Amino acid sequence: MKPTKKSRIPWNIKCLFCLVPSLVGITIFFVIPYFRVLYYSLIDNQFRRNFVWLDNYVKTIQNEYFQLAFKNSLLLILIAVPALILSSLSISLMLSFGLKKLRVLRTAFVLPLVIPTASAALIWATFFANVDNVLPVYLLFIWKNIGICIILMTAAFTCIDDSVFEAAKLDGAKRFTIHRKITIPLIMPTLIFSILISIVSSFKVFKETYLYYGGTNYPPQYSYTLQYYMNNNFLKLDYQSLAASAVFTSLLVFVIVIIGLLLQRRYTW
Amino acid sequence: MVKIGKAGKNIFLVLLAALFFLPVFMTVGMSFLDNNMPTFQNYADLLFDCFVFYPVFWNSVLYAAVITIIGLLVIIPAAFGFSHAKFKGKGALFIFYIILMMMPLQVTILPNYIGLRDLGLINTRLGIILPACFSPFGVVVMSRYMQSINNSVIEAMRMETNSVIKIIFHAVIPQIRICIFAVVLFVFADCWNMLEQPLLFLRDINLQTLPVFLSNTEKYAGSVLFPAAVLFMFPVLLLYNFFSDSLEKGLTFGDLS
Amino acid sequence: MRVLNIIITLIFFASMVVLTVTARDIHNALLPQVTARRLTQEDFEFVIDFEYDGIPQTAVITQKRLAIPKELYNPDTSDAVFVVTTIYINGEERVGVRRVVPQTNEKNEGFYEVTGGISRSDFVIFTSSKVLEDGAEVFILAS
């Protein structure tokens, strides 16, 4: 074998260099500015720059619009997310363990994922023109996000060894029991991740509601979510309450994600 | 008894799929209807009487294409780095990427805005493109996928070359093709769907994107909206049709532990 | 199947390029093609009655006044003329017409004197390839 020229730079350093572009970009556009946001959330205004510590947070939490937005966001997590997870779990079970021919139907559920929200919101607004409650937004949320959950779950199902099912069938277990006792526990990490990603998507529902209500900054009260609150403060250039609510939301998401990842770790055998 | 239950379940599944497909079908249908009469007039109204549509359409194409391409140039090496570099705190850094991936836009958009403002990129095309290129989603998905690839090919390749670029091109990319397709589809669809960034970073109508166009419903004649929505869906549908096989096999990041 | 997909993609984007380049020209070609000019000032004779030393007198003086050609507007036969205005269609400013009924007073061989409805700075449509209506978009030919 011909001796290869030894590079002066060790392999590991080269691999580290591969991370540099991504790290630099994230530092410039996310990390450094995030600390400035943190700083903004602690001062009284951009000109005087007196530290007021948690005053902005207290003001934000006491703001009635913030409370309304927070309540609506919470309702979305408590109602729409479980509905989304249950429906995507049952649909992907049916797709993976039902008739092979019906697997083409998967497209119908995955397609909404790539359909632009603006297009979907238009037909939603036409179809639900006379509905005056939050249901259309929940439906749009489920319609839009079911695809990613089904993809993740189906991918997890295909990883399960067939012999597991055959053994269970030999024991005479019913299909429902098999799923409850074997399939679902086996995909628990993925299931937790799906719940996590759905909760996080529910924080992102602003785009759907904004377009559904035809680009207005003041939707009906029941749809005024955290993102509206922040968007409106953005337009008002109210950086202090914006920064406070951004930091607040980021901490919330941080906690949720960490809990999710820990749960996932706990369920992995 | 069991048979009927099964058939019922299948019929239910078909109906459900039809229901999920209905919005797409209805959007296309509505674009060809005027007062319940079939017509092409809506398309004529859009294509020959609504010229704002064209720059906005090409802006969307430009942003989505450029972000996807530059994004890949950032994502693939970063994912390679994550799976092959050994350093202290790699696990923590990866969790940081996951958390950043999960952050809603309303949290990241203010830092983005401040970063762009300091660089003087507000109201420019670069202001839309640059932050989106560094979105952590692709890095997380691809790093996860790379854990399952065959490293012996890379080790064999290292005997012959010292160039990381060559190794990525010849030993890594062929193995992660499916994942790249899935990420391309995802990143493109995501940028194509971009609303908040152009809304907040851009003032010029000539730099705007299609979602912003479609959100200004009262500014345009009602008849142009559905054809615009259809033409807006069309490129992503084509891309989806092209890459859909890769979606499930490429997106196996559900289990991050 | 893949090939078909690529072909459709190419056709789609090619037609979008073609439309981007040609749509406005096609649109303009289908509009009413009009010529528009400002009204001219013409000589009109005014009969003025006045008293001089208690005796009624009549004098004829000639003055330049804003005038509309008789073939364009005749208070007995035509009901209105169109003047160029700015209209807003689909988020942009376009050239359109607005229907006005001019008020006229004196006349001479070729013109009516305009006393209201049209101002000196208005561009008035002289010819049009199609029947116009209020608020219609038009394409102005170089004149």
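Sequence lines set the chain letters: A, B, ... in the order given, protein chains first and strands last, and positions in each chain run from 1. Source: prediction; values computed, not measured. Reckoned from all heavy atoms, side chains included, excluding hydrogens, waters and symmetry mates.
Between chain B and the options A:V200, A:L95, A:I187, the largest number of non-hydrogen pairs under 4.5 Å is found for A:V200. Annotation: maximal heavy-atom pairing with chain B below 4.5 Å, among A:F17, A:W124, A:F30, occurs at A:F30. Interface summary for chain B: among A:I13, A:T126, A:I28, A:I32, the most heavy-atom pairs under 4.5 angstrom belong to A:T126. Looking only at heavy-atom pairs under 4.5 Å with chain A, the residue among B:N112, B:L116, B:L239 that has the most is B:N112. Contacts with chain A were tallied for B:F186, B:F96, B:F188, B:Y97; B:Y97 has the most, counting heavy-atom pairs under 4.5 Å. Contact tally against chain A (heavy-atom pairs below 4.5 Å) for B:A228, B:C133, B:P136, B:P131: the top residue is B:P131. Chain A forms the most heavy-atom pairs under 4.5 Å with one residue out of B:V24, B:D118, B:V230, and that residue is B:D118. Across B:S163, B:G115, B:P77, the residue that shares the most heavy-atom pairs under 4.5 angstrom with chain A is B:P77. With respect to chain B, the highest number of heavy-atom pairs below 4.5 Å among A:V114, A:V257, A:I91 belongs to A:V114. Considering only heavy-atom pairs separated by less than 4.5 Å from chain A, the leading option among B:V139, B:L225, B:L16 is B:L16. Interface summary for chain B: among A:S250, A:P21, A:P112, the most heavy-atom pairs under 4.5 angstrom belong to A:S250.
Residues B:P211 and A:T117 are not in side-chain contact: their nearest non-hydrogen atoms beyond the backbone lie 4.5 Å or more apart. Using a 4.5 Å heavy-atom cutoff, the side chains of B:Y113 and A:V37 are not in contact. Using a 4.5 Å heavy-atom cutoff, the side chains of B:Y240 and A:L113 are not in contact. Between B:L110 and A:Y34 the shortest side-chain heavy-atom distance does not fall below 4.5 Å.
Side-chain N or O atoms of B:N193 include none that pairs as donor or acceptor with a backbone N or O of A:P116 at under 3.5 Å.
The CG atom of A:N12 sits 11.5 Å away from atom NE2 of B:H84, with the distance rounded to the nearest 0.5 Å. Interatomic distance, CG of A:L122 versus CZ of B:F226, reported as 4.0 Å (0.5 Å rounding). With rounding to the nearest 0.5 Å, the separation of CD1 in A:I142 from CZ in B:F20 is 7.5 Å. A distance of 6.0 Å separates CZ in B:R117 from CZ in A:R36, rounded to the nearest 0.5 Å. A distance of 8.0 Å separates SG of A:C15 from CD1 of B:I167, quoted to the nearest 0.5 Å. A distance of 5.0 Å separates CE of B:M101 from CD1 of A:I197, quoted to the nearest 0.5 Å.
For B:M233, the parts lying near chain A are the backbone and the side chain together; criterion is any non-hydrogen pair under 4.5 Å. Looking at B:L22, neither its backbone nor its side chain comes within 4.5 Å of chain A, counting heavy atoms on both sides. Only the side chain of A:I146 has a heavy atom closer than 4.5 Å to any heavy atom of chain B. Heavy-atom distances place the side chain of A:F127, and not its backbone, under 4.5 Å from chain B. For A:A243, the parts lying near chain B are the backbone and the side chain together; criterion is any non-hydrogen pair under 4.5 Å. The parts of A:L23 that come within reach of chain B are both its backbone and its side chain, each placing non-hydrogen atoms under 4.5 angstrom from that chain. Contacts of A:V31 with chain B are made by side-chain atoms alone, with heavy-atom separations under 4.5 Å and no backbone atom involved. In this structure, no portion of B:F213 lies under 4.5 Å from any heavy atom of chain A. If you measure heavy-atom distances from B:I95 to chain A, the contacts under 4.5 Å come from the side chain alone. The part of B:L237 that comes within reach of chain A is its side chain, from C-beta onward, which places non-hydrogen atoms under 4.5 angstrom from that chain. For B:S83, no part sits under 4.5 Å from any heavy atom of chain A, backbone or side chain. Neither the backbone nor the side chain of B:V212 has a heavy atom closer than 4.5 Å to any heavy atom of chain A. With a 4.5 Å cut-off on non-hydrogen atoms, B:I168 touches chain A through its side chain but not through its backbone. Using a 4.5 Å cut-off between heavy atoms, B:I76 makes no contact with chain A at all.
Applying the 6.0 Å contact sphere to CG of B:L73 captures more than 12 heavy atoms from other residues, nucleotides or ligands. Counting heavy-atom neighbours within 6.0 Å of B:F87 CZ, excluding the residue itself, gives a total above 12.
Taking all atoms of both residues into account, the shortest heavy-atom contact from B:L214 to A:A118 is CD1-CB, 3.7 Å. Summarising the geometry of A:F254 relative to B:M103, their closest heavy-atom pair is N-CE, 4.1 Å, with the distance given to 0.1 Å. Pairing each heavy atom of A:S119 with each of B:A229, the nearest pair is OG-O, 2.9 Å. B:P104 and A:V253 make their closest contact through CD-CG2, 3.6 Å (heavy atoms, listed as atom of the first residue, atom of the second, distance). The nearest pair of heavy atoms linking A:A108 to B:A17 is CB-O, 3.4 Å.
Ring geometry for A:F29 versus B:F134: interplanar angle under 30°, hence parallel rather than tilted (30 to 60°).
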